[in-house]
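What you see is a predicted model, and the numbers here were worked out from it, not measured in a lab.
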Amino acid sequence: MTTIASVQHLSRFVDQDVRLRGWIYHKSSKGKLHFVQLRDGTGIAQCVLFQKDVPEALFEAVGRAGQESSLELVGRVKADARAPGGYEISVNDGVVHQAVDGYPISPKEHGPDFLLSQRHLWLRSKRPWATLRVRDAVITALRQFFDSRDFLLVDSPVFTPSACEGTSNLFEVEYFERKAYLTQSGQLYAEAAAMAFGNVYCFGPTFRAEKSKTRRHLTEFWMLEPEMAYATLDDVLDLAEDMLCHVVQEVLRRRRPELEILERDTAKLEAIQKPFPRMTYDQAAEILKNHPDSTFRYGDDFGAPDETILSNMHDRPVMITRYPKDVKAFYMKRDPEDPTKALCVDVLAPEGVGEIIGGSQREDDLDALLTRIKEHELPQEFFEWFLDLRRYGTVPHGGFGLGLERTVAWICGLEHVREASPWPRLMYRIEP
RNA sequence: UCCCCGAUAGCUCAAUGGUAGAGCAUUCGGCUGUUAACCGAAGGGUUGUAGGUUCGAGUCCUACUCGGGGAGCCA
């Protein structure tokens, strides 16, 4: 039996006979020879079948086999500059498992509606392949980063009894005799875990029933939320900065070919180095006040065009701190130097991508948090356990939430976050 | 929820209110170096749905359905 090789590691088998198992990505025939671009999941390799070198039945079978036909080909690996990837298989044997005709996704252009409806097949194409391999590297780098810093993974529940930040925009589900909601953030549970384990993070799916139809929104997305006991806003900023640098470095180290397929300008990723620019809301407001394209009014949150203006001013993520308390969540601690502000941060990715991280130092004072819950008209009974964290050994603490798909979209240079998810869930799309 | 845009062959798109078209894909034939090959031939249509205007509607009008982009909100 000939050695089974993967396209990824083809260079290890030069001048050896190997067996490749996969699918036809593309084929072109010239009379007495076929060129088969064989896709095996790890990459694409060019295989050449000369009629005189292979069994007649195989030559005819390959001739009839269209795009995405499944097959195994056996042959010698040769370095050949004419072949994409630099290696080529001179085929002498093989078998077509299933000859396909009429595969829906041709090498030509397609629209997003069609491609999303064919997501189960679209995954096989080059761009999704490259994108999802970058996503894998991002996730691996994130876990590695937190593990190396002794953060413990403590996941938060998906079913929750009520809202973390407010009652709107939640998906409601039947939960036996009562209602439950799909989580929109694991943060409150991460805070409890931080009091038990010190530094923790949770990483899982979150859900927003917001009727958003933009390139930045999914109804289901993955969020990574670290939480640190005995931490201040500055600690949160430092952590976010180190984390993003590590993730980008790891993607550059491990996923160069994928970034090339995506035609990503890697110079823009090389520029992601410490320190990131940091400014306060007031400083950002001053910039927007004088900007012709902004309709910003002091006291409001920044709109999407405002974020674009601010992020385009820098070649690396910009960290904006200390927003007005009224536009931010109830659990954020107020700035002791200016009680109208919250000790919070938004991290805006460059190139107009916008917000990928939102974080804060948390309110650790029981009475202040009680007041805040009343101000926001939240049902206190659902937050008693959360208030317990302030009753029994409260400490300064903080953390942030990182949107995975937005981060992947930024690193890959995607137009829309839906491509950063293998099975994107959008307001008007839940299939396949 | 609001604003803008779109829907014609499997896909991407054309068609001045007057005969429904092309490229790709598919099928068949040809070709020993293709990279989204090339050359020749064939099949493929209830123009999103329902009404209306008109001698005549893919084209104009109304409603609906589905989708795309954006706002707000957020990661």
Identify whether any heavy atom of [X] sits under 4.0 Å from a base atom; if not, whether one sits that close to sugar-phosphate; answer base, sugar-phosphate or nothing.
X        : answer
A:Asp346 : nothing
A:Ser29  : base
A:Ile357 : sugar-phosphate
A:Phe50  : base
A:Gly111 : sugar-phosphate
A:Lys213 : base
A:Pro104 : nothing
A:His217 : base
A:Glu225 : nothing

- request: Please work out whether the ring planes of A:His246 and A:Phe145 are parallel, tilted or perpendicular, with thresholds of 30° and 60°.
  value: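 A:His246 vs A:Phe145 ring planes: tilted.
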Rounded to whole angstroms, how far apart are [atom1] on [X] and [atom2] on [N]?
X        : N     : atom1 : atom2 : answer
A:Asp101 : B:G44 : CG    : P     : 17 Å
A:Lys78  : B:G33 : NZ    : P     : 16 Å
A:Asp300 : B:A71 : CG    : P     : 16 Å
A:Tyr25  : B:A25 : OH    : P     : 14 Å
A:Arg425 : B:C74 : CZ    : C1'   : 20 Å
A:Lys211 : B:A71 : NZ    : P     : 18 Å
A:Leu142 : B:A75 : CG    : P     : 17 Å

Could you tell me whether the phosphate oxygens of [N], OP1 or OP2, come under 4.0 Å of any side-chain nitrogen or oxygen in [X]?
X        : N     : value
A:His416 : B:G69 : yes
A:Arg418 : B:G69 : yes
A:Arg429 : B:G68 : yes
A:Arg215 : B:A71 : no

field: Of A:Pro112 and A:Leu218, the one whose closest RNA chain B nucleotide lies more 5'
entry: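 Closer to the 5' end of RNA chain B: A:Pro112.
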query: When the nearest nucleotide of RNA chain B is assigned to A:Val48 and to A:Ser106 on a heavy-atom basis, which residue is associated with the more 5' position?
result: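 Result: A:Ser106.
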In terms of side-chain heavy atoms of [X], which of [options] is nearest?
X        : options             : result
A:Glu355 : B:G33, B:A75, B:C73 : B:A75
A:Phe114 : B:C73, B:G33, B:C11 : B:C11
A:Met223 : B:A75, B:G33, B:C74 : B:A75
A:Gln46  : B:A75, B:U34, B:C73 : B:U34
A:Asp113 : B:G67, B:G33, B:A75 : B:G67
A:Ala304 : B:A71, B:U1, B:C74  : B:A71
A:Leu33  : B:G68, B:A75, B:U32 : B:U32
A:Glu210 : B:U34, B:G67, B:G72 : B:G72

Tell me which nucleotide, if any, is Watson-Crick or G-U wobble paired with [N] when both distances must be under 3.5 Å.
N     : value
B:C28 : B:G40
B:U49 : B:A63
B:A15 : none
B:U8  : none
B:C2  : B:G70

How far, in whole Å, is [M] from [N] if one measures between their [atom1] atoms?
N     : M     : atom1 : result
B:U26 : B:U1  : C1'   : 45 Å
B:G10 : B:U27 : C1'   : 14 Å
B:A57 : B:U46 : C1'   : 15 Å
B:A36 : B:U59 : P     : 38 Å
B:C4  : B:A9  : P     : 27 Å
B:G17 : B:G58 : C1'   : 11 Å
B:U65 : B:C24 : P     : 39 Å
B:U47 : B:A75 : P     : 48 Å

Residue pair [X] / [Y], side-chain donor-acceptor N/O under 3.5 Å:
X        : Y        : answer
A:Glu250 : A:Thr140 : no
A:Asp40  : A:Thr42  : yes
A:Gln187 : A:Tyr331 : yes
A:Arg264 : A:Thr266 : no

Validation row: A:Lys341, A:Asp282 side chains within 4.5 angstrom (heavy atoms):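 Contact flag for A:Lys341/A:Asp282 side chains = yes.
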task: Would you check if A:Ile320 and A:Phe302 make a side-chain contact, meaning some heavy-atom pair closer than 4.5 Å?
output: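 A side-chain contact under 4.5 Å exists here.
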field: Closest non-hydrogen atom pair, A:Phe151 against A:Val200
entry: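 Here A:Phe151 and A:Val200 meet closest at CD2-O, 3.4 Å.
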- request: Kindly confirm whether the side-chain ring of A:Phe221 is stacked on the base of B:A75, judged by centres under 5.5 Å and planes under 30°.
  value: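 Stacking between A:Phe221 and B:A75: present.
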- prompt: Is the ring centre of A:Tyr25 less than 6.0 Å from the ring centre of A:Tyr103?
  reply: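 No, the ring centres sit 6.0 Å or more apart.
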